Amino acid sequence: MHMADALISPVVGGAMWAATAGVAAYSIKKVQEGLDQKKIPLMGVMGAFIFAAQMINFSIPGTGSSGHLGGGLMLAILLGPYAGFLTMASILIIQALFFADGGLLALGSNIFNLGFFTCFLAYPLIYKNIIGKEFNSKRILIASLVAAVAGLQLGAFGVVLETLFSGKTELPFGTFVLLMQPIHLAIGIVEGLVTAAVISFVWKSRPEVMEKASLNQPLGSLSLKKVMIGLAAAAVLTGAVLSWFASSHPDGLEWAMFKTSGQEELEATDPAHEKLAALQEKTAFLPDYGFKTPESAEPAGEPTQEKWPAVSAGTTVSGLVGGVMTLLLAAFMGFVINMKNKTGKKT
Amino acid sequence: MPNIVNAIYNIRGFDELARQDSFIHRLHPLAKLLATLVYTVVLVSFDKYATIALLPFLFFPVFMAAAGRIPAVPILKRLLYIEPMIICVGLLNPLFDRGTTSILGQTMSSGWLIFISIVIKGSLAVATALLLMATTGMDGIALSLRKLKVPKIFVLQLMLTYRYISVLLEEAARTIQSYALRAFSSKGLKREVWGPLLGQILLRTMDRAQRVYDAMCLRGFAGEYHIGKAPRPSWGDFLYVMGWGTLFAASRAVNLPLWLGNLLTGAVK
Amino acid sequence: MSHHITEARDLFYVYPDGRQAVSGISFRIHHGESVGIIGANGAGKSTLLMLLTGILRPAKGEVVIGEVRLTKDTLNMIRQRLGMVFQNPDDQLFMTTVHDDVAFGPRNLMLDEAQVEERVISALEKVGISHLKDRAPYHLSAGEKRAAAIASVLSMSPDILILDEPTSSLDPKSRRRLMKILSGFEHTKIITSHDLDMVLELCQRVIVMKDGRAIADGPAKDILTNKTLMEEAGLEIPLSLHGCPVCGRSKSDAD
Amino acid sequence: MSHHITEARDLFYVYPDGRQAVSGISFRIHHGESVGIIGANGAGKSTLLMLLTGILRPAKGEVVIGEVRLTKDTLNMIRQRLGMVFQNPDDQLFMTTVHDDVAFGPRNLMLDEAQVEERVISALEKVGISHLKDRAPYHLSAGEKRAAAIASVLSMSPDILILDEPTSSLDPKSRRRLMKILSGFEHTKIITSHDLDMVLELCQRVIVMKDGRAIADGPAKDILTNKTLMEEAGLEIPLSLHGCPVCGRSKSDAD
Ligand SMILES: Nc1ncnc2c1ncn2[C@@H]1O[C@H](COP(=O)(O)OP(=O)(O)OP(=O)(O)O)[C@@H](O)[C@H]1O
Ligand SMILES: Nc1ncnc2c1ncn2[C@@H]1O[C@H](COP(=O)(O)OP(=O)(O)OP(=O)(O)O)[C@@H](O)[C@H]1O
Ligand SMILES: [Mg+2]
Ligand SMILES: [Mg+2]
């Protein structure tokens, strides 16, 4: 699943952008080092290939349903982790721009979730190790399957964490994890099977392509490997801590988010704290409604900006009237510009 | 299959829109990219219960579409296509969050409030990203990326990917069509052809990459991708970004619709 | 054999980007006829073939094959009678060996393996590529690929064979061989091509397309020698019908 | 103008999979000559062209262009004089508009933008596709794509123009126009094609390839009318040279 702008906060989006930019810069350096100019058109055309392959329906044996390819693992296998990551980034940029899959701010997260975990964790640590020195169909199958599943599980977990840290939805952590991980297990299996089928085919029909691909790929220096393992461990640890936290402390997660997700968020909602007391008083005269604990009302948006004196009933009316007026104004603006365009064309 | 064909037309459609001429099209691509980015960041910085306060953010996409002469229908169609996903995630909220929240002096189910907020944010962000593309085009994006100091090999690779998507989509579509003609079924690809079918497209693709590179070299390519005349950013571009930026900031700081409503209802009274 | 009549009834097709590629085409092709569809680049020939095979759905009008209207429900049934060879054989061969590719269609017809084998062998023989049986399609030369693509369609014993520019990029000898295969095929043939000499040799009937419309439909000889018509369609009289520089007479006068 | 002589000296090429595609080819092409390279599918024509342009490095032998041996060091210099149109225009058009594609070469020559513009306009005009300037290459019909690919090479003002099967999939009128463009091009032309009538019209000299070897090299008329030779190479005498069914004489007798 793609992370979407609607679900992300500027802090999380920005942080993931930074992380992605860092990995991309490093990858570009690495690709340039082994500068094989021919690799650039190969990356470009492979990106287009994966894009096209993603549109193909694969019917899943024995289920009657069908699945799609993501392509990250295949790119890593055929181009190496660095070029693979960059190519995946291009695909996601184009999807974000033309298909609005995800959106601009979520793009960083999406590249990270779908590119980094596969190219820099699943591929070098799992796929490479299972394949070992010699290729054979069985090894390709197992390695692709395990690596694809692992990569997607990590990616899905990334989506869960990013969503929760963004705090734009109210999904309980445990539920979200239980929803996301199994879905992505199925997706990962399809991904692994398709990848294995294609890689086996290429290996059988043009072994030199595979050999060249694996020669071109420095496995990465040891230090890099350590960094990867460190990152993986950190991810697992964070996940574990957070899941404990979430299960024992459902409302505390939000609190944790405020603590960890930086100043801007706090700034934006700061007035909330100040106005909280006043707010409670105001809402108190609606006694029939069970009003939830202050915590959940805490980040309530509009009331916090209630800088204009208004009684509540009036506020409702004002809000609705203002909202409708805003919509009308926007429509009116569009209409006026359109008319101007038309008269402009005539003259 | 229809998937593939649709994708081709989506891309073609945007290319065509981006080649129009209008005030918006003449703006420097970087200015448009920056304005859109600022817009998105400010938009998503609203908290999860924001609804009416988000409405002023409608002005920007409406302005872009109208001034850029972008027909609304294709953009709205794309929106419908994307929306189910946002709606799915959004709908989980009323399911799991049974609390209520006070807003505008009313108490509402907070789950539904979040849902509405997500749908508004999602639609606005998606529409704006699409409009950016429809008024700027891929060359414009590449130009802005170079201006932002993104290394040229990445930009080149991105452009090649973009360029070859149409070619490979057509190729994949034809292969799937010929498969369907002999498989007598329009469901997915059967397992036994996964490897060979995709693998052969892949091998052809790799050969093609080689030929593309050769063709580029024969026309003097030496690693630098010359996009040609680069429009220079003007004061107009600067003002465009600053103007909208100010508006976004103002809408973020002040709940404009509420203020407007107060003004009006006050006047009525 | 009226059940193999191929009929187009006032077909229209508009590409999603608004380009009207086929605008009101109607014809009726009897069983065993061999029809050439000719026209300039972009006239709409390939689009028309795709409408006939149900790859594209017409915006208006209908395709009727052997008294059955082509709809979503009848599509798979009708496709069992049709064989289409694409312009680019690369797009058509997707199995690991030529044998498996030729066997793909018959296997999907649920024939038993012995029958499949029989069909494969006979199709390969007909096309003259039995020796390529175990080769991988992507290692073949362009001409061999084209032959394999044709075999993969013949093995389905189609009642109607549809070919999109089958001779392009073939060398003269392979082109000759292909033409021999095709003239030996006794069922309905619908062929588009810019190789008008081939059309002249293989087709009794020719439909001329221009801008999505059929501007002529009649016996090949009449149409291909009609200079004004051919010019109008952006075409040329086939070389083999050009006047003889020696005796100064057009060859069509000969018969 | 001896500096534009194109020379192949005993060229050999073996593909990585062991396939020997070119085996000992030598020739010398003078400036302004127009040479057709013909042969069956898989004879090694495209491979030879790629050796001439330095895309492939010969296993043995050398290519000399204008007294300069083609090596890694001289490659970029030599390539500025060469223009090659690939068999598949899709491989060649990689920019988002036809204009940018035609400008790609001149921009790489580091001309200033005004000069680039001038060259683009003149190249588009020559080929007759000025109206396609702002279209996206993949939106074009096959013939228009081919024309754009040719314009993208002409804009570099090459001294030697190399074309790989330029007429395939063109309609007769577009083919005619292409032939007119080519016959108006005053520099060296090297053309491979299965369209032997075009070769006959455009080339004074023909080299016949078979299995990687040149089995004949001489005036086009002599070679293309030599039935045994053409049969041996897996080819056919061009249609326009076939005997006339009316007067029974071969057209070549006429002149
Ligand atoms: N996928 C497509 N999207 C939009 N327009 C298309 C598409 N394919 C073809 N066209 C347009 O439709 C018209 C008919 O195209 P078609 O491919 O049927 O022509 P054709 O007669 O087969 O030409 P050719 O001789 O070049 O093969 C052309 O104007 C073409 O530009
Ligand atoms: N990339 C490749 N790897 C291995 N063998 C190849 C490759 N490309 C071509 N060949 C082989 O080399 C020989 C010469 O091929 P080439 O493409 O030069 O033929 P051609 O004369 O251009 O044929 P055509 O008329 O089909 O274009 C053929 O036998 C072909 O199978
Ligand atoms: Mg066609
Ligand atoms: Mg060739």
Side-chain angles (χ1 to χ4, degrees), chain C residues 15 17 19 21 38-46 87-88 90 139-147 164-165 167-177 193-198 200 230-231 233-255, chain D residues 17 19 38-43 45-46 87-88 90 139-147 164-165 167-177 192-198 200-201 230-255:
Chain C
Y15 277 102
D17 64 356
R19 171 115 207 158
I38 62 177
N41 287 126
K45 305 179 295 295
S46 302
Q87 194 154 356
N88 184 354
D90 268 334
H139 274 168
L140 303 178
S141 90
E144 291 166 334
K145 271 186 197 162
R146 176 84 59 193
D164 199 354
E165 317 236 356
T167 53
S168 87
S169 89
L170 286 189
D171 65 38
K173 213 171 213 166
S174 312
R175 170 175 171 273
R176 241 332 115 205
R177 191 171 57 195
S193 188
H194 295 305
D195 180 353
L196 299 182
D197 293 291
M198 182 213 29
L200 179 67
M230 295 299 274
E231 293 264 291
L235 299 169
E236 270 184 357
I237 291 188
L239 270 174
S240 55
L241 291 182
H242 274 190
C244 167
V246 181
C247 69
R249 285 177 63 196
S250 138
K251 286 184 203 169
S252 51
D253 299 350
D255 8 48
Chain D
D17 63 357
R19 171 113 208 161
I38 62 176
N41 287 127
K45 305 178 296 294
S46 302
Q87 193 154 357
N88 184 353
D90 270 331
H139 237 325
L140 304 178
S141 90
E144 291 166 332
K145 269 187 201 168
R146 176 83 59 195
D164 201 352
E165 317 234 357
T167 52
S168 87
S169 89
L170 287 188
D171 65 37
K173 215 171 212 166
S174 313
R175 169 174 172 274
R176 242 331 116 203
R177 191 171 58 196
T192 75
S193 188
H194 296 305
D195 178 354
L196 300 181
D197 293 291
M198 182 212 29
L200 180 67
E201 252 188 79
M230 295 299 275
E231 294 265 291
E232 190 195 333
L235 299 170
E236 267 184 0
I237 292 187
L239 269 175
S240 54
L241 292 181
H242 274 188
C244 167
V246 182
C247 68
R249 285 177 63 195
S250 139
K251 286 184 204 169
S252 52
D253 299 350
D255 7 46

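Every heavy atom of this structure was used, including side-chain atoms; hydrogens, water molecules and symmetry mates were not. Just so we're on the same page: letters track the sequence lines, and every chain starts at 1. Please read all numbers here as calculations on a predicted model, not as lab measurements.
In this structure, the side chain of C:Lys173 does not engage the main chain of D:Ala233 through any donor-acceptor pair within 3.5 Å. Of the possible polar contacts, one joining the C:Asp171 side chain to the D:Asn41 backbone as a donor-acceptor pair under 3.5 Å is found.
Neither the backbone nor the side chain of D:Ile38 comes within contact range of chain C, judged by heavy atoms closer than 4.5 Å. In this structure, the portion of C:Glu231 lying under 4.5 Å from any heavy atom of chain D is its backbone and not its side chain.
Under the side chain to side chain contact (heavy atoms under 4.5 Å, CB included) test applied with C:His194, the options D:Ser168, D:Ser174, D:Pro172 reduce to a single match, D:Pro172.
Note on C:Ser193, C:Gly234, C:Gly39, C:Ala43: by heavy-atom pairs under 4.5 Å with chain D, the leading option is C:Gly234.
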